Amino acid sequence: MSEFHFYIPPDNISGKRVIFPEDERDHLVNVLRYGEKDEVLVTDGEGRLFRVVLEKVSSYRAVGIIKELVARREPPIPFITLACGLIKGRRLEMVVDSATQLGVGAILP
């Protein structure tokens, strides 16, 4: 199985069938020399990783069949730091309160 992960847009995945975009197909066929019945790893950019067996490979098209979902990962939640100027009185408290409600991880006055 390939150690490379090929990116397939979610629109190119229909049920168990995967259609490789032109640039990925070119890399798969012409550079790495994969052929029919070879297994590759495919990601859809949404946190899913599939093991795919190539079904049809030619100079103009590559199609695979999903054998299994290897991994599913939720996108990471970004850690946000808010840097703000010093504010007098209760306004700073309001900024801190609002920022924490929005998910800010750190506040630098």
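This one's a predicted model, so the numbers in the text were calculated from it and none came from an experiment. Basis for what follows: all heavy atoms, side chains included, without hydrogens, waters or symmetry-related copies.
Without hydrogens or angle criteria, S14 side chain to R17 main chain gives no donor-acceptor distance under 3.5 Å. Listed for the E24 side chain is a donor-acceptor partner under 3.5 Å among the backbone atoms of Y7. Checking side-chain atoms of N12 against main-chain N and O of I19 turns up a donor-acceptor pair under 3.5 Å. Checking side-chain atoms of S98 against main-chain N and O of V95 turns up no donor-acceptor pair under 3.5 Å.
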I66 and I13: side chain to side chain contact (heavy atoms under 4.5 Å, CB included), yes or no, with the steps?
CA-CA 9 Å; I66 296 173; I13 300 173; 3.9 Å; yes
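The distance from the CZ atom of R72 to the CG atom of D44 is 8.0 Å, given to the nearest 0.5 Å. To the nearest 0.5 Å, the span separating NE2 on H5 from CG on L41 amounts to 4.5 Å. Taking CZ from R33 and NE2 from H27, the interatomic distance works out to 11.5 Å, rounded to the nearest 0.5 Å. E36 CD to E55 CD: the interatomic distance, rounded to the nearest 0.5 Å, is 8.5 Å. Note that CD1 of I107 is 11.5 Å distant from CD1 of I80, once rounded to the nearest 0.5 Å.
Between D97 and E93, the closest side-chain pair of non-hydrogen atoms is not below 4.5 Å. Using a 4.5 Å heavy-atom threshold, the side chains of L28 and L54 count as touching. Between R25 and N30 the shortest side-chain heavy-atom distance falls below 4.5 Å. Using a 4.5 Å heavy-atom cutoff, the side chains of E39 and R51 are in contact.
Here the shortest heavy-atom pairing between V29 and S58 reads CG2-O, 4.1 Å.
A continuous path of Ile, Leu, Val, Met, Phe, Trp and Tyr side chains, each step under 4.5 Å between heavy atoms, connects V42 with V57, placing both in one hydrophobic cluster. In the hydrophobic clustering of ILVMFWY residues, with side-chain heavy atoms under 4.5 Å counting as a link, F50 and L32 come out together. In this structure, V52 is not a member of the same hydrophobic cluster as V63, with clusters built from ILVMFWY side-chain heavy atoms closer than 4.5 Å. Residues L69 and V18 share a hydrophobic cluster, clusters being chains of Ile/Leu/Val/Met/Phe/Trp/Tyr side chains in contact below 4.5 Å. Under a hydrophobic clustering in which Ile, Leu, Val, Met, Phe, Trp and Tyr are joined whenever their side-chain heavy atoms come within less than 4.5 Å, directly or via other members, V53 and V40 fall into different clusters.
Relative ring orientation between F6 and Y34 is described as perpendicular, the plane-to-plane angle rising above 60° on a 0-90° scale split at 30° and 60°.
Around the CD atom of E22, the shell of radius 6.0 Å holds no more than 12 heavy atoms that belong to other residues, nucleotides or ligands. Sparse packing is recorded around OH of Y60, with 12 or fewer heavy atoms of other residues, nucleotides or ligands lying under 6.0 Å away.
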